[in-house]
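A quick write-up on the structure given underneath.
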Amino acid sequence: MDEKFYTVPEVAELLKVSKNYIYELINRKQINYLRLSERRIRIPASALENCKLQDLDTLGYNQIVQSPKARRPRNVCKRAR
C-alpha cells in the first residue's frame, strides 16, 4: 500500500476550502475516504486528484446560500425605574 493519505484539514488546505465543506463532501459521499475509527478519517491521494479534476461548482461549493433573517435579541433585563 504505497498510496498517500491525507487528513481532513490537509485536504481543506490543499483545495483552499473549509474543513466543514470537506466533511459535507464525505457525508454526501462525493469524495472517497477511509474511516479508521469514529473520529479519524483519511482521504486517499487518488480521491484528492479526482476532486481537483472535478469542478468545485459540480460539487456544490459555489452555491449561493441565503442565511435566515437574524432577529434582534430581546433585552431580557428590565430597567429599574
Side-chain angles (χ1 to χ4, degrees):
M1 184 183 264
D2 293 337
E3 186 167 16
K4 185 172 180 168
F5 289 86
Y6 296 98
T7 63
V8 170
E10 290 172 337
V11 171
E13 186 176 323
L14 289 170
L15 295 177
K16 295 181 179 22
V17 296
S18 70
K19 290 187 298 185
N20 288 336
Y21 177 67
I22 301 301
Y23 285 117
E24 279 183 35
L25 291 178
I26 290 169
N27 287 336
R28 289 189 277 170
K29 299 190 184 350
Q30 290 183 325
I31 191 168
N32 292 332
Y33 64 95
L34 177 65
R35 187 174 293 276
L36 301 176
S37 68
E38 185 177 329
R39 298 182 65 144
R40 291 186 184 188
I41 295 174
R42 297 294 182 264
I43 299 171
S46 60
L48 183 61
E49 287 301 316
N50 291 339
C51 194
K52 281 184 179 179
L53 294 176
Q54 282 184 340
D55 189 16
L56 289 178
D57 288 333
T58 62
L59 295 175
Y61 184 70
N62 292 328
Q63 291 178 356
I64 297 173
V65 178
Q66 292 183 344
S67 62
K69 291 185 178 182
R71 291 179 22 186
R72 280 185 32 197
R74 295 189 307 178
N75 190 358
V76 293
C77 300
K78 293 185 179 182
R79 293 186 192 175
R81 292 185 186 201

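For the numbers below, each heavy atom of this structure counts, side chains included, while hydrogens, waters and symmetry mates do not.
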Of the non-hydrogen atoms in [X] and [Y], which two are nearest, and what is the gap between them?
X: K19; Y: P9; answer: CD-CG, 3.8 Å
X: Y21; Y: R28; answer: CE1-NH2, 3.9 Å
X: N32; Y: A47; answer: O-CB, 3.6 Å

I need the I31 CD1 to L15 CG distance, nearest 0.5 Å.
6.5 Å
Would you check, one step at a time, whether the test side-chain contact (heavy atoms from CB on, under 4.5 Å) holds for L25 with V17?
CA-CA 11 Å; L25 291 178; V17 296; over 6 Å; no
Applying side chain to side chain donor-acceptor pair (under 3.5 Å), name anything that partners E13, two or more places apart in sequence or on another chain.
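None.
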Sequence-distant partners of R35, side-chain contact (heavy atoms from CB on, under 4.5 Å), two or more places apart:
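side-chain contact (heavy atoms from CB on, under 4.5 Å) list for R35, sorted by chain: Y33, I41.
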Among V8, N27, L14, find the one that has a side chain to side chain contact (heavy atoms under 4.5 Å, CB included) with I22.
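Answer after filtering V8, N27, L14: V8.
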